[in-house]
Number of protein chains: 2
Amino acid sequence: MVTIYDIAKKANVSAMTVSRVINNKGRISEKTRSKVKRIMEELNYVPNEMARSLVLRETQVLFLLVTDITNPFFTTLARGAEDAANKLGYRVLFGNSDESLEKEREYIDTILKSRVDGVLVAPAGDGSLPHLESLRAHSVPFVLLDREVPGIGSDVVLGDSREGTRMLMEHMMGLGHKEIALVNGTPDVSSARLRATAYKEALKLNDLPAPAERILELGYAPRSSLARIGEWLDGLQPLPTAILCGNNMMAIQTIQAIRKKGLRVPEDISVCCFDDLGPVGEIDPFLTVAAQQAYQFGYKGMQLLTGRIADKENEDGEDAWTRILLPAELVVRRSVADLH
Amino acid sequence: MVTIYDIAKKANVSAMTVSRVINNKGRISEKTRSKVKRIMEELNYVPNEMARSLVLRETQVLFLLVTDITNPFFTTLARGAEDAANKLGYRVLFGNSDESLEKEREYIDTILKSRVDGVLVAPAGDGSLPHLESLRAHSVPFVLLDREVPGIGSDVVLGDSREGTRMLMEHMMGLGHKEIALVNGTPDVSSARLRATAYKEALKLNDLPAPAERILELGYAPRSSLARIGEWLDGLQPLPTAILCGNNMMAIQTIQAIRKKGLRVPEDISVCCFDDLGPVGEIDPFLTVAAQQAYQFGYKGMQLLTGRIADKENEDGEDAWTRILLPAELVVRRSVADLH
DNA sequence: TTGTAAGCGTTATCAT
DNA sequence: ATGATAACGCTTACAA
């Protein structure tokens, strides 16, 4: 491996001079600068970032931990995060916890060991608390995405679950739906709690009943919950006329389960959900959704994170946590039937 | 930051002893081992991987560089790669070149600087040659995914573009299609070349004409080629009855362009393509595809890569390059009309 | 403008 | 079974 010493020797200068050339620091004569540069080219020199980070105590690497890499919400979010990070010269590593607290724990350990400069986390759930506490204990700046975790303060970028749910519910009720079911994330996830509450609120506000059995709690990344959704539907006395889903992936499974019964969407049962479907969804704009600004989750989250890191370096006073609430947009398509 | 010296001091041992406990190396009395472990817990010690990698000259980090992170083919591939890597204790970093040679160059530089142990690359095109040569020059093991690059030898995992195209073409021709157009990647990408050739072969074999204007060359990640596809279609004298697309993303755009003209798929024009659509596509299994084994691309590619790394460490003789050809599977759905 | 010495946190090597 | 020392490749602080 070629090191600054190899360069230095060949250029008849000291390693420090080479280092200065590399980092454009200090005053250096144009003559030596160009000589050193030429030799670096010749020798095909590539700086060793690890050695550099070891002394600088910063890696210029940020980490993005999501809960489902196959969900377009998160891939779009990832692009936003990457764009914001690259603008500031940071690189981004990605990890996928698959909604699993164990996998999340492993990633957190990895993050700690590799001295990453900061982390953007979509926490798997309230059980993520100890993981976040680890980050805090080792003073690794982090920003929460999409979900909050009771018990720990931090910057956070959230979707407006309450208002999004309200829009979706009003849309369905406006079209005459009264028996509306909910397929939701488990209540150990903040966004699922908010959506469940808003769902019940909306029904109550319209004097509609909200029987408990009309709520199905699934993980947010139900790779194969088809069967469970099917059984749940079988158990519902009058079938709901519409189903609200906590996210896009659950909506897809729900639609499949409905069709598997020989029923149609939206003719027999309507479906709508949080989060849009990304480019693949464009092939047939069918699903009515409360579209969240996935890209902005990543972009703004990354801005918060890099801001924190800068503050830390400048020893600025710890300001209060920032909380960004991103509005959802109702995108009406064809998956909710008009009952009138 | 807590270091092994802090642990050592508190435990009244040397740093080396602590290091040995951490890595389970050498013989250590059970007494000191447990004492050291206890103190590590107390002090909340986390090893510094950078210092470790600096002396070990290995990072246990592998890199996966894809060309389009919003394409489900690559997210599925990523899961395969990650699964294979994690089994062997490697971590995986992801990068997204967005089909751009410049972005790819930046990632390659980053990879070189960070002394990653190996790289899995879906090259942006033939222009990736210098990038791969850089990797080789610095003896960073790499495995090519999905595309080959003339001028450099390496392990590679490829889809069977020839046979896949043949299947798709036979399917369309079997249903009576004679005017079949091709929306394809640019010819600086090996898979696009193969597909174009096989497309022409299939037509020739059936004594069908293959006018040049029936081929449209786009980038593989056409975020917004809608307009171009529309104009191209406008210029075609008799509209084709069917269009073969080089990948899923191009198929989506093609379908949108067709519909924008007020035409229907498949009633007016049929469409099929390479690569399936992932979970989101399940919402409406519409598109007929030559499904590639995306997960296996990642899994097998990672196995090749880690195998190479192991060989390198063991100073094994360089065996010839391995070339894995993954078959595609024809999945017939509803996007190709029966003309009989 | 350039160089010297020390140190970042870890492990390999050689001693004891 | 444990320790002292040097080294990994780089940068900071200080000196010349």
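All heavy atoms count here, side chains included; hydrogens, waters and symmetry mates do not. Keep in mind it's a predicted model, so treat the numbers as computed, not measured. Labels below follow one simple rule: chain letters A, B, ... track the order of the sequence lines, proteins then strands, and each chain is numbered from 1.
If you measure from atom CD1 of B:I4 to atom C1' of D:dA4, you get 13 Å, rounded to the nearest angstrom. Between the CE atom of B:M50 and the P atom of C:dT11 there is a distance of 13 Å, rounded to whole Å. Note: CG (A:L54) to C1' (D:dT11) measures 10 Å, nearest angstrom. Between the OH atom of A:Y5 and the P atom of C:dT2 there is a distance of 17 Å, given to the nearest Å. Atom CZ of A:R33 and atom C1' of C:dT1 are 11 Å apart (whole Å). Atom-to-atom, CZ of B:R20 to C1' of C:dA12 comes out at 9 Å; the value is rounded to the nearest Å. For A:E58 and C:dC8, the CD to C1' distance is 13 Å, given to the nearest whole Å. Distance, A:I22 CD1 to D:dG9 P: 13 Å, rounded to whole Å.
Among the nucleotides C:dG3, D:dG9, D:dT2, the one closest to the side chain of B:I28 is D:dT2. Closest to the A:Y45 side chain, of the nucleotides D:dC10, C:dT10, D:dC14, is D:dC10. Each of D:dG9, C:dA12, C:dT11 was ranked by its minimum atom distance to the side chain of B:K25; first place goes to C:dA12. In the set D:dT2, C:dT13, D:dC10, C:dT13 carries the atom at the smallest distance from any side-chain atom of B:M16. Distances from the side chain of B:T3 to the nucleotides D:dT2, D:dT11, C:dG9 place C:dG9 closest. When each of C:dG3, C:dG9, D:dC10 is scored by its nearest atom to the side-chain atoms of A:A51, the top-ranked nucleotide is D:dC10. Nearest nucleotide to the B:V55 side chain, out of C:dT10, C:dT1, D:dT12: C:dT10.
In summary, the side chains of A:D83 and A:Y295 do present a donor paired with an acceptor at a separation below 3.5 Å, with no hydrogens or angles considered. With 3.5 Å as the limit, one finds no donor-acceptor pair spanning the side chains of A:R57 and B:N48. A:S100 and A:D98 are not linked by any side-chain donor-acceptor pair at a separation below 3.5 angstrom, with hydrogens and angles left out of the test. Side chains of A:R136 and A:S154: a donor-acceptor N/O pair is absent below 3.5 angstrom, by distance only.
For C:dT10, the OP1/OP2 oxygens have no side-chain nitrogen or oxygen of B:S19 closer than 4.0 Å. Taking only side-chain nitrogens and oxygens, B:S29 comes nearer than 4.0 Å to OP1 or OP2 of D:dT2. Remark: B:T32 is in phosphate contact with D:dT2, judged by side-chain N or O atoms under 4.0 Å from OP1 or OP2. Proximity of A:N48 to the phosphate of D:dC8: no side-chain N or O atom is located under 4.0 Å from OP1 or OP2.
In terms of polar N and O atoms assigned as donor or acceptor, the side chain of A:R115 never comes within less than 3.5 Å of the base of C:dG9 in a complementary pairing. Side-chain atoms of A:R57 and base atoms of C:dG9 include no donor and acceptor less than 3.5 Å apart.
A:M1 comes within 4.0 angstrom of sugar-phosphate atoms only, judged by non-hydrogen atoms across all strands, and of no base.
Distance NE2/B:H131 to CZ/B:R105: 5.0 Å, rounded to 0.5 Å.
Comparing A:R52 and B:T17 along DNA chain D, the residue whose closest nucleotide (by nearest heavy atom) sits nearer the 5' end is B:T17.
The minimum heavy-atom distance linking A:F297 with A:G159 is given by the pair CZ-N, 3.3 Å.
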